[in-house]
Structure formats: C-alpha cells, structure tokens
Q: 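Provided herewith is a single structure, encoded as structure tokens, for subsequent inquiry.
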Protein chains: 4
Amino acid sequence: MGSTPQPRRGNTRQRIQDVALELFAEQGYEKTSLREIAERLQVTKAALYYHFKTKDDILSGIFEDLNRPVEELLEWGREQPRTLETKKEILVRYSEALKAAAPLFVFMQENQAAVRDLSIGPTMKQRVVALVDLIKEPDAPLTDQVRCFTALFAMHAGMMALRDAEGDPEEKREAALEVAIELVTKAHDPGPTA
Amino acid sequence: MGSTPQPRRGNTRQRIQDVALELFAEQGYEKTSLREIAERLQVTKAALYYHFKTKDDILSGIFEDLNRPVEELLEWGREQPRTLETKKEILVRYSEALKAAAPLFVFMQENQAAVRDLSIGPTMKQRVVALVDLIKEPDAPLTDQVRCFTALFAMHAGMMALRDAEGDPEEKREAALEVAIELVTKAHDPGPTA
Amino acid sequence: MGSTPQPRRGNTRQRIQDVALELFAEQGYEKTSLREIAERLQVTKAALYYHFKTKDDILSGIFEDLNRPVEELLEWGREQPRTLETKKEILVRYSEALKAAAPLFVFMQENQAAVRDLSIGPTMKQRVVALVDLIKEPDAPLTDQVRCFTALFAMHAGMMALRDAEGDPEEKREAALEVAIELVTKAHDPGPTA
Amino acid sequence: MGSTPQPRRGNTRQRIQDVALELFAEQGYEKTSLREIAERLQVTKAALYYHFKTKDDILSGIFEDLNRPVEELLEWGREQPRTLETKKEILVRYSEALKAAAPLFVFMQENQAAVRDLSIGPTMKQRVVALVDLIKEPDAPLTDQVRCFTALFAMHAGMMALRDAEGDPEEKREAALEVAIELVTKAHDPGPTA
DNA sequence: TATGAATGAGGGTTCATTCAT
DNA sequence: GATGAATGAACCCTCATTCAT
C-alpha cells in the first residue's frame with residue numbers, strides 16, 4: 001500500500017519537469033525548493049542535477065517545450081498579411097496554445113518578478129512584444145496599443161480566473177477570446193470615435 | 001562617505017517603507033532581503049525589527065497606507081446607484097488612486113504568487129472581487145464579466161508598461177483609462193450583439 | 001475595560017521580580033526574554049534596565065531576597081550542637097523556608113545547567129554543600145552522605161511534584177519532610193547494618 | 001593544523017550525537033549552539049542538517065539510542081510479579097542502565113526546564129511515571145510515594161555528584177543504589193510505623 | 001522614572017549546488 | 001542513472017544591552 005516502486009526508467013527528465021511545473025504554478029518559483037521537487041518524485045536532489053544543470057534550467061526546459069507552439073505561431077504570423085482576418089486567426093491560435101500550456105502561463109503571469117531575471121526572462125519579454133507587434137498597426141496611437149496589449153492580457157487572465165471561479169474553464173477561455181477579438185478589431189479599425 | 005552620523009529623526013519607519021517598496025518593486029518580494037533594505041538605509045537589520053514585527057509586516061504597513069484611497073473608493077461606490085455614470089466615475093477615481101500608488105500596484109501585479117500567502121493576500125483578493133462587483137451587473141454573462149475584469153487589468157497594465165516603454169506615463173494612464181471605460185460601457189449595455 | 005492603568009509607582013522593582021520569577025519558573029531562564037517580562041508589565045525593556053543592571057541581576061535580586069531565610073538557617077545551624085535533634089530542626093525549618101519560596105526552588109532545580117554559570121551559581125552550590133555539612137557527620141561513609149544529600153533532594157522534589165500531581169501541596173511537603181527526617185536519622189545513627 | 005582532510009567515513013551521524021551530548025551535558029541545551037557542535041567536528045552547520053532535521057532532533061536521536069535499555073527494563077518489569085525482589089532487581093538494572101548512559105541522564109536532570117517542551121519532554125515524563133509505578137504499590141500512601149520517587153532521584157543524584165566530588169564514581173553509584181533499595185524496601189513493607 | 005531608537009552578536013534553518021562513488 | 005555527504009552563503013529573526021532624552 002502506497003509503496004508502488006514506479007521504476008519508469010527513461011522518463012525521469014519529463015517527470016521532473018511535470019512535478020516542477022506543478023509546484024512552481026502552485027507555490028511560485030522561489031518558494032519551491034529542489035528538495036520539495038525531489039521528495040515528491042522519491043528521488044534525491046542530486047538526481048535532479050543529473051538531468052538539469054540548475055534550477056533555472058529546469059524552468060527553461062519546461063518553457064522551451066511548451067513554448068514551441070507559440071514560437072511557431074509567431075513565425076506563421078510574420079508571413080501573413082496584416083489583415084484583420086489574420087489578427088483574429090492569431091488570437092484564435094494563441095488561445096489554443098494557451099489551453100495546452102495553461103499552468104505554464106498562469107505561472108509566468110503570477111511570477112513575473114521572479115522570472116524576470118531568470119534565463120527565460122528576456123525571451124519572454126521579446127515574445128510578448130513580438131505578439132503585440134503582430135496584432136497592432138505599426139504606428140497605432142497609444143489607445144490602440146493598450147487595446148492590443150490588453151487583449152493578450154485578457155486571454156491570460158482567462159486562464160487565471162480558472163483558479164478561483166465558478167464555471168467551465170473552456171467557456172471562460174472562449175469568453176476571453178471573444179473579448180480579445182473585440183479589442184483587436186476595434187484597434188484595427190477605430191471607427192467613428194478614435 | 002558613510003561617516004556622517006545622520007540625524008535620524010522620527011521618520012525611520014517611513015523611510016523603511018519607502019526603501020522596502022522600492023526594492024520589492026524592483027527585485028520582487030522574495031529576492032529582497034532585509035539585509036539589503038537595512039544596508040540601503042545605513043541601519044542594522046535589527047533596527048527594522050524595532051519598527052516592524054516581520055518582513056511580511058513591512059509590506060502590510062505599506063499596503064495599508066497606500067490602499068486606503070481604494071478602500072474609500074469602494075465604500076463610496078457601494079452607496080451609489082449602479083448606473084453607467086457611477087461605473088465610469090469609479091474607473092476614473094481608481095485610475096487616480098493607481099497613479100498615487102503606482103509602485104505598490106506594479107509590485108502586486110508582478111508578485112502575485114509571492115503575495116498570495118502573505119498576510120495581505122486575502123485582503124487583496126477580496127478587494128479585486130469587490131471592485132469587479134461594483135462595475136459589473138449582478139448576473140452578467142461570462143463575456144461581460146471578462147470585460148470588467150479586463151478593464152481593471154488594463155489599468156494595472158498601464159502602470160507596468162511604464163517600466164519598459166516609450167511615452168509619458170500620464171498619457172499611458174489616460175489611454176488605459178479610456179480602454180477600461182470602453183470595456184465597462186460595453187458590458188453595461190451589450191448593444192446589438194451577444 | 002481591560003485598560004486599568006495601574007500606576008503603582010514605587011514598587012516597580014518588586015513587580016519586575018515577581019513577574020520574572022513567575023516566567024523563569026514557568027518557561028526556564030533562557031527561554032524567558034526581557035521583552036516578555038517587560039510586555040507583561042506593560043513597561044519597556046529599557047525600564048528593566050533602570051532597575052537592574054542585567055538579566056542575571058534580576059535573578060540575583062530575587063535570589064537574595066528569597067534566600068535570606070535559608071542563610072539565616074545556616075547561621076543558626078552552625079551555632080548548634082550537631083545532635084540528631086538539631087538536624088531534625090534544621091530539616092523542619094528548611095522545609096518551611098522552601099514553602100515560602102517554592103517557585104524559586106522549583107526554578108533552580110529545573111534550571112541547574114542554566115543557573116550554573118550565572119552569578120548565583122557559585123553561591124547556590126556552596127549553600128547546598130553547607131546544608132549537607134550541617135546534617136551529616138564529618139566523616140560519614142559514602143552511603144550516609146548519599147542519604148543526607150537525598151534528604152535535601154526529597155524536599156525539593158516535594159515542591160516539584162506539586163506541578164503535576166494530585167493532592168494538597170501542603171500534605172506533600174509534610175510527606176517529603178517525613179522521608180527526609182527518616183533518611184537523616186538513619187544517617188545519624190546507622191544502626192545494625194551500615 | 002586543521003588541514004588534514006579527515007576520511008569522513010559513514011560515522012558522522014554518530015559523531016554528531018557524541019559531540020552534541022558532550023556539549024549539552026557540559027553547558028546545557030540552550031547554551032550549546034549548532035555552530036559550536038559543528039566547529040568541534042570540523043564540519044559546517046549545514047552538515048548537521050543533512051543528518052538531523054532540527055536541533056531538537058539531535059537530542060531525540062541521542063535519547064532514543066540511550067534510552068532503549070530503560071524501555072526494555074520497563075517492559076520486563078511489567079511482566080514480573082510486584083514482589084520486593086522484583087523491585088530490587090528493577091533498581092539494580094536501572095542503576096546499571098544509568099551507568100551506561102550517565103551523561104544523558106545528568107543532562108536531563110539539569111535541563112528539565114529546557115527539555116520539557118522539546119519533543120522528548122512527554123516521553124521522559126511518562127518514563128519516570130512508569131518507573132515509579134513499577135516500584136510503588138498501587139494505593140501507596142503519600143509518604144511511600146515520596147520514598148519511591150526519591151529512590152529514583154537518589155540514583156540520578158549519584159550520577160551528578162560525580163561532577164564535583166571526591167571518590168570513585170562506581171562506589172557512588174553503589175551507595176546510591178543501596179539507599180534507593182532501602183527506600184523502596186521501606187515503602188514496600190512500611191513496618192511498625194505507618 | 002522611564003522611553004524610543006538602535007545595535008552587534010548570534011540563533012536555528014534552508015537553499016542551490018558540488019562531487020566522489 | 002543516481003545517491004550520500006557535504007558546503008558556503010544567505011535567510012529571517014531574537015536577544016541582551018546601550019544611551020540620549
């Protein structure tokens with residue numbers, strides 16, 4: 001009882017990443033110690049160091065794996081014409097990407113300060129900038145910039161409200177997407193007001 | 001240098017809070033050590049403990065001071081009729097409050113994970129909920145809830161963009177406010193769509 | 001309510017000693033901080049330093065006050081002939097002295113290690129030696145020395161059992177006294193065995 | 001000196017316990033710092049934490065190891081008939097056990113206050129109660145209870161007198177045992193008096 | 001008679017990391 | 001593919017004590 005040895009050779013690296021992300025998202029990066037990760041895996045701290053060079057490295061690994069779809073989205077987006085349709089499609093795809101990597105994004109949203117001077121910090125920042133660049137017009141006025149930036153945030157926030165609130169996560173995601181599209185649409189073609 | 005004994009009038013408590021907030025916002029809560037705060041004040045760590053019972057307590061003190069305007073805003077808001085005009089006024093006032101306490105809000109935005117299990121954690125959560133409650137209709141559909149939540153976020157984000165970007169902070173704040181009002185207006189009276 | 005200012009000027013020194021002894025006996029010397037004492041008196045730590053030079057000094061003060069009867073007993077004892085009657089009388093008087101200063105003696109019994117290198121340490125040791133000297137014969141065999149030493153211990157133990165156990169403290173004290181007398185009597189006149 | 005790297009075989013845990021007990025007994029629990037223990041072992045404080053979870057835990061470890069004989073004695077005692085012979089045998093064996101673990105018992109005697117709210121505190125108390133229960137009659141009058149309690153104390157005291165006094169420790173132990181037996185015998189069969 | 005403000009030394013504890021095996 | 005043992009640096013915090021006011 002409770003003693004299943006679970007050898008599972010070969011996949012330890014993956015298991016470390018899984019547990020680490022789980023704890024990082026739950027408690028924050030700084031408050032999660034390697035001891036804790038190791039204990040939950042029934043492994044020694046030293047074992048973690050066989051698979052990863054540093055704590056930072058564990059996070060990097062997770063990020064690289066889960067972030068690939070977003071990177072691909074960026075590449076795809078850069079080759080499209082900057083039409084409203086394209087922008088909408090980007091939002092839709094981004095929303096999908098978020099769904100797949102929800103815990104990572106929740107984590108990054110809630111641990112910005114901690115993540116900032118980790119090795120993924122710069123990458124992350126660039127990625128946000130790049131995304132905004134794809135959905136806003138080159139010389140958009142400040143208000144439209146805010147709209148686009150907020151559209152992204154809305155989608156991240158959709159993930160986080162998942163923590164507390166009532167309601168199906170999937171529905172929330174769709175609602176967030178809808179609002180994001182609305183914002184970007186308005187930014188694309190300001191209409192009568194400005 | 002460092003030899004002038006420094007008058008040390010009765011403002012130490014305030015100076016601690018100032019420096020602490022500065023460092024918390026700059027580096028994050030966990031990465032800011034009391035040693036660092038003390039050193040920057042040319043004081044011993046023990047001196048901090050004369051003025052505050054704990055590290056958490058320093059943050060609490062800051063929060064209590066800077067959060068008072070928001071608390072007053074909430075009280076005021078609860079006594080008003082839930083009209084669109086009221087909602088707009090709330091956003092305007094909130095934006096003003098943010099301006100005065102910018103670093104604190106940036107800090108809280110970027111350190112959610114760390115702050116969550118500090119003593120101000122619960123208070124903060126309630127406060128967001130209360131604010132959203134004031135600007136959304138009681139049984140608003142999910143999309144409208146997202147709009148209102150996002151409106152708040154937009155304004156916080158306005159503060160943070162301050163960090164990186166080009167442009168006058170004051171202009172950014174106004175842009176964020178405009179977008180927030182737009183979102184809440186849409187949520188208040190959905191119009192033809194949804 | 002709960003705010004009676006209790007000025008009681010003049011007797012602060014005494015009140016400090018009272019509270020200190022109370023806490024020392026309850027928690028031990030090392031685990032009782034001056035902060036704690038001060039707080040319970042609604043006074044600042046610095047105030048304690050107006051009345052006593054050091055923490056050690058507070059204990060010394062208590063000891064000197066409460067130990068005087070024992071000191072007088074020793075002086076009296078030294079002038080008496082070393083008869084069995086005298087010895088019994090000494091035990092009786094000592095038991096009485098213990099009754100008056102119970103918490104102090106409980107404290108000293110339970111904090112020997114801590115007390116040993118305080119200023120009262122040496123005094124205390126001498127005093128035990130002096131007491132034993134009064135109730136044992138000069139060249140008593142080892143067994144009789146143990147009897148006399150144990151007699152004293154028995155009386156101290158009587159105080160401590162007061163903490164846990166059932167029964168009237170006064171009765172316990174008398175029982176302890178009885179056993180002590182028995183031991184000293186046996187030591188005084190070994191009888192057939194030895 | 002201090003440069004020989006020292007083989008560091010797998011006995012570190014034991015060495016920590018040895019040094020710790022030595023210092024605890026010499027200076028008291030509270031006054032012995034982990035730094036001190038570590039230094040004497042030419043090891044870092046952190047190394048102690050590899051082997052023990054906490055300072056309290058170090059003491060627990062020592063206690064568990066050295067207390068086993070007493071525990072076995074208790075078990076044995078509970079299976080014997082409560083005759084005078086049994087009681088005597090218990091005292092004899094207990095005395096032997098004390099001999100083997102002298103420093104621990106001296107320590108516990110002198111640090112009662114400190115030990116009381118450590119994790120071994122409750123265990124220790126129970127153990128004394130259990131021992132007394134074995135050597136006193138169920139409904140013994142108060143005086144007899146004191147005799148039995150004192151008998152145990154006498155033996156502990158025998159250990160401590162070792163610190164100061166003249167004379168062979170072994171002889172002292174035997175003297176203490178003799179007095180203890182005497183007390184318990186008297187308690188077992190009160191004789192003419194009461 | 002006291003207090004407010006501060007200090008220096010040290011406490012126990014935890015962390016990410018290393019390295020020989 | 002992993003462990004056992006250890007380290008160095010830092011952590012938050014508490015203490016007894018001081019001194020100008």
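Each chain gets a letter, A, B and so on, in the order the sequences are listed, and its residues count up from 1. Owing to the predicted nature of the structure, the values given are computational and were not obtained by experimental measurement.
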Q: What is the distance from CZ of A:F52 to C1' of F:dG1, rounded to the nearest Å?
A: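 Whole-Å distance recorded here is 14 Å.
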
Q: Run the salt bridge (charged side-chain N to carboxylate O under 4.0 Å, His left out) check on B:R35 and B:E39 step by step: do they pass?
A: CA-CA 6 Å; B:R35 181 182 46 71; B:E39 258 166 23; 3.6 Å; yes

Q: Check the distance between F:dC12's P and B:D57's CG and give it to me in whole angstrom.
A: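 To the nearest whole Å, that distance equals 14 Å.
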
Q: Test salt bridge (charged side-chain N to carboxylate O under 4.0 Å, His left out) on A:R68 and A:E64; report intermediate values, then the result.
A: CA-CA 6 Å; A:R68 201 153 317 150; A:E64 251 151 55; 5.9 Å; no

Q: Just to confirm, is there a sub-4.0 Å distance from OP1 or OP2 of F:dG1 to any side-chain nitrogen or oxygen of A:T12?
A: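 No, outside the criterion.
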
Q: Going from CD1 on A:I58 to CG on A:L21, what distance comes out if it is rounded to the nearest 0.5 angstrom?
A: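 It is 11.5 Å, given to the nearest 0.5 Å.
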
Q: Between atom CZ in A:R15 and atom C1' in F:dA2, what is the gap in whole Å?
A: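 The distance from CZ of A:R15 to C1' of F:dA2 comes to 13 Å, rounded to the nearest Å.
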
Q: Determine yes or no for a side-chain-to-main-chain donor-acceptor pair under 3.5 angstrom, with C:D57 supplying the side chain and C:F52 the backbone.
A: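 No, because the side chain of C:D57 does not come within donor-acceptor range (under 3.5 Å) of the backbone of C:F52.
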
Q: Does B:Y50 have a side-chain nitrogen or oxygen under 4.0 Å from the phosphate oxygens OP1 or OP2 of E:dA5?
A: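 Yes, within the criterion.
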
Q: Can a donor-acceptor pair be found, under 3.5 Å and without considering hydrogens, that links the side chain of C:R116 to the backbone of D:E26?
A: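 Checking the backbone N and O of D:E26 against the side chain of C:R116, a donor-acceptor pair under 3.5 Å is found.
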
Q: Hey, what do you get for CG (C:D65) to CD (C:Q14), rounding to the nearest 0.5 Å?
A: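 Reported to 0.5 Å precision, the distance equals 6.5 Å.
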
Q: Under the criterion side-chain contact (heavy atoms from CB on, under 4.5 Å), which of A:L34, A:L48, A:L118 is the partner of A:K55?
A: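 With A:K55 as partner, A:L34, A:L48, A:L118 yield a single side-chain contact (heavy atoms from CB on, under 4.5 Å), made by A:L34.
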
Q: Within the side chain of D:Q27, is there an N or O that forms a donor-acceptor pair under 3.5 Å with the backbone of D:F24?
A: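 Checking the backbone N and O of D:F24 against the side chain of D:Q27, no donor-acceptor pair under 3.5 Å is found.
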
Q: Protein within reach of the bases, or only the backbone? For nucleotides 12-18 of chain E, mark each nucleotide 5' to 3' as B, S or -, using heavy atoms under 4.0 Å.
A: BBBSBBB

Q: Ignoring hydrogens and angles, tell me if any N or O in the side chain of D:N67 forms a donor-acceptor pair with the backbone of D:F63 under 3.5 Å.
A: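 Judged by distance alone, no pair lies under 3.5 Å.
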
Q: Under 4.0 Å from OP1 or OP2 of E:dG4: is there any side-chain N or O of B:H51 that close?
A: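 For B:H51, the contact criterion (side-chain N or O under 4.0 Å from OP1 or OP2 of E:dG4) is not met.
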
Q: Take the protein atom CG of C:N11 and the nucleotide atom C1' of E:dA2, then report the distance between them rounded to whole Å.
A: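 Roughly 15 Å, once rounded to whole Å.
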
Q: Rounded off to whole Å, could you give me the CG-to-P distance for the C:L41 and E:dA2 pair?
A: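 That distance rounds to 10 Å.
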
Q: Starting at atom CD of D:Q42, determine the distance to atom C1' of F:dT7, rounded to an integer number of angstrom.
A: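 Nearest whole value for this atom pair: 15 Å.
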
Q: Distance check needed: F:dC11 C1' versus B:E39 CD, whole Å only.
A: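 Computing the B:E39:CD to F:dC11:C1' distance gives 14 Å.
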
Q: Toss me the dot-bracket line for DNA chain F: Watson-Crick and G-U wobble, both under 3.5 Å, 5' to 3', using | for pairs to another strand and [ ] for crossers.
A: .||||||||||||||||||||

Q: Under 4.0 Å from any atom of DNA chain F, heavy atoms only: list the residues of residues 58-66 of chain A that qualify, in numerical order.
A: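 Result for residues 58-66 of chain A: none.
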
Q: So, B:Q112 side chain and B:Q109 main chain: donor-acceptor pair closer than 3.5 Å or not?
A: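 Between the backbone of B:Q109 and the side chain of B:Q112 there is a qualifying donor-acceptor contact (under 3.5 Å).
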
Q: Rounded at 0.5 Å granularity, tell me how far OG1 in C:T54 sits from CG in C:L59.
A: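 These two atoms lie 9.5 Å from each other.
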
